[in-house]
Amino acid sequence: MVDKIKQEWFSNTRADVLAGIVVALALIPEAIAFSIIAGVILSAVLFVAKISKIKLYQKVEGSNLLVNVEGPLFFASVESFVNAFDFTADAKSVVINFSNAKVWDDSAVDAVDAIDKVVMKYHEYRTNVTIKGLDSTSKRLVDKLAVYHRSNAKPSAH
């Protein structure tokens, strides 16, 4: 428990030091508003980089592929999410489990579009896909915005 707290509190010290240095350097011209804005922007970028790590654990059971997703699925993690799938694998069905993940985004469009891309790509290979384990908020977003379950569906072009 103590090790986990230490890791959470002290694992991002480099990013904090870097943000402090940027703020200090920005203070040299005595423009405090600029230094604060620079520090906030840098901290936001470093925060997004830190939380954008999504992990996929794949397990083959017979002709089925089970994929467990861990982490947040949002605009900064959609590319690694889509690229983690091997669509040419010989599987008759794929189960994507979001029990340890959350679909969130300011607009939710990028995250849901990533799910659409994965499901429709598997459909091109005539592979059945099941999405399970979405929490209630994520399920509402996916049900509202996803198009993979519609006939002749195509992912959005953005």
Side-chain angles (χ1 to χ4, degrees), residues 1-59 65-89 94-122 129-149 153-158:
M1 175 77 170
V2 172
D3 290 334
K4 184 176 181 179
I5 293 171
K6 281 182 185 177
Q7 182 182 9
E8 287 179 11
W9 278 68
F10 299 113
S11 67
N12 204 21
T13 55
R14 282 186 231 134
D16 292 339
V17 169
L18 181 61
I21 290 170
V22 167
V23 170
L25 289 174
L27 277 173
I28 291 171
E30 298 178 17
I32 195 156
F34 172 76
S35 63
I36 292 171
I37 291 170
V40 168
I41 290 172
L42 179 63
S43 295
V45 168
L46 294 173
F47 176 72
V48 168
K50 180 181 177 182
I51 67 166
S52 66
K53 293 173 179 60
I54 191 161
K55 297 176 185 171
L56 277 72
Y57 300 98
Q58 301 185 14
K59 180 180 175 184
L65 175 62
L66 307 175
V67 181
N68 288 312
V69 182
E70 288 186 7
L73 182 59
F74 68 114
F75 72 90
S77 61
V78 294
E79 186 175 346
S80 59
F81 172 77
V82 173
N83 292 338
F85 288 91
D86 177 12
F87 300 105
T88 61
V94 175
V95 176
I96 304 173
N97 186 352
F98 284 94
S99 295
N100 297 313
K102 178 126 176 104
V103 177
W104 54 274
D105 208 333
D106 206 21
S107 65
V109 175
D110 289 333
V112 175
D113 189 46
I115 295 170
D116 278 338
K117 286 178 184 175
V118 168
V119 172
M120 287 188 275
K121 189 68 173 176
Y122 273 119
V129 181
T130 303
I131 304 290
K132 73 176 202 172
L134 291 167
D135 63 28
S136 61
T137 305
S138 300
K139 183 165 178 23
R140 267 194 311 271
L141 287 171
V142 171
D143 288 346
K144 182 178 179 182
L145 300 173
V147 297
Y148 65 82
H149 57 279
K154 294 187 189 307
S156 65
H158 59 89

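Side-chain atoms are counted along with the backbone in the values below, which use heavy atoms only and exclude waters and symmetry mates. Remember, it's a predicted structure, so these values are computed and weren't measured experimentally. Count residues from 1 along the sequence.
Between the side chain of Ser43 and the main chain of Gly39, a donor-acceptor pair closer than 3.5 Å is present.
Legend: residues meeting side chain to side chain contact (heavy atoms under 4.5 Å, CB included) with Val119, ordered by chain and number and at least two apart, are Ile115, His123, Val129, Ile131, Tyr148. Legend: residues meeting salt bridge (charged side-chain N to carboxylate O under 4.0 Å, His left out) with Lys139, ordered by chain and number and at least two apart, are Asp143. Every residue two or more places apart in sequence or in another chain that forms a ring pair (Phe, Tyr, Trp, His ring centres under 6.0 Å) with Phe87 is listed here: Tyr122. Evaluation of the side chain to side chain donor-acceptor pair (under 3.5 Å) rule for Thr88 yields Asp86 as partners, not counting sequence neighbours. Applying the salt bridge (charged side-chain N to carboxylate O under 4.0 Å, His left out) rule to Lys144 yields no partners; only residues at least two apart in sequence or on another chain are considered. Taking Lys102 as the reference, Asp135 meet the salt bridge (charged side-chain N to carboxylate O under 4.0 Å, His left out) condition, with sequence neighbours excluded. Applying the side chain to side chain contact (heavy atoms under 4.5 Å, CB included) criterion to Val95, with sequence neighbours excluded, gives Leu66, Thr130, Lys132.
Sorted by first and then second residue, the pairs that involve residues 65-78 and meet side chain to side chain donor-acceptor pair (under 3.5 Å), not counting sequence neighbours, are Asn68-Asn97.
Side-chain contact check for Val118 versus Ile96: some heavy-atom pair is nearer than 4.5 Å. Val67 is listed as a side-chain neighbour of Phe85, based on a closest heavy-atom distance under 4.5 Å.
The distance from the CD1 atom of Ile41 to the CG atom of Leu46 is 12.0 Å, given to the nearest 0.5 Å. Remark: Ile37 CD1 to Leu42 CG distance equals 13.5 Å, nearest 0.5 Å. Leu73 contributes atom CG, which lies 9.5 Å from atom CG of Asp110 (distance to the nearest 0.5 angstrom).
The heavy-atom pair separating Ile54 from Val69 by the smallest distance is CD1-CG1, 3.6 Å. Of all the heavy atoms in Lys53 and Pro72, the pair that sits closest is O-CD, 4.2 Å. Taking every heavy atom of both residues into account, Leu134 and Val103 meet most closely at CD2-CG2, 3.9 Å.
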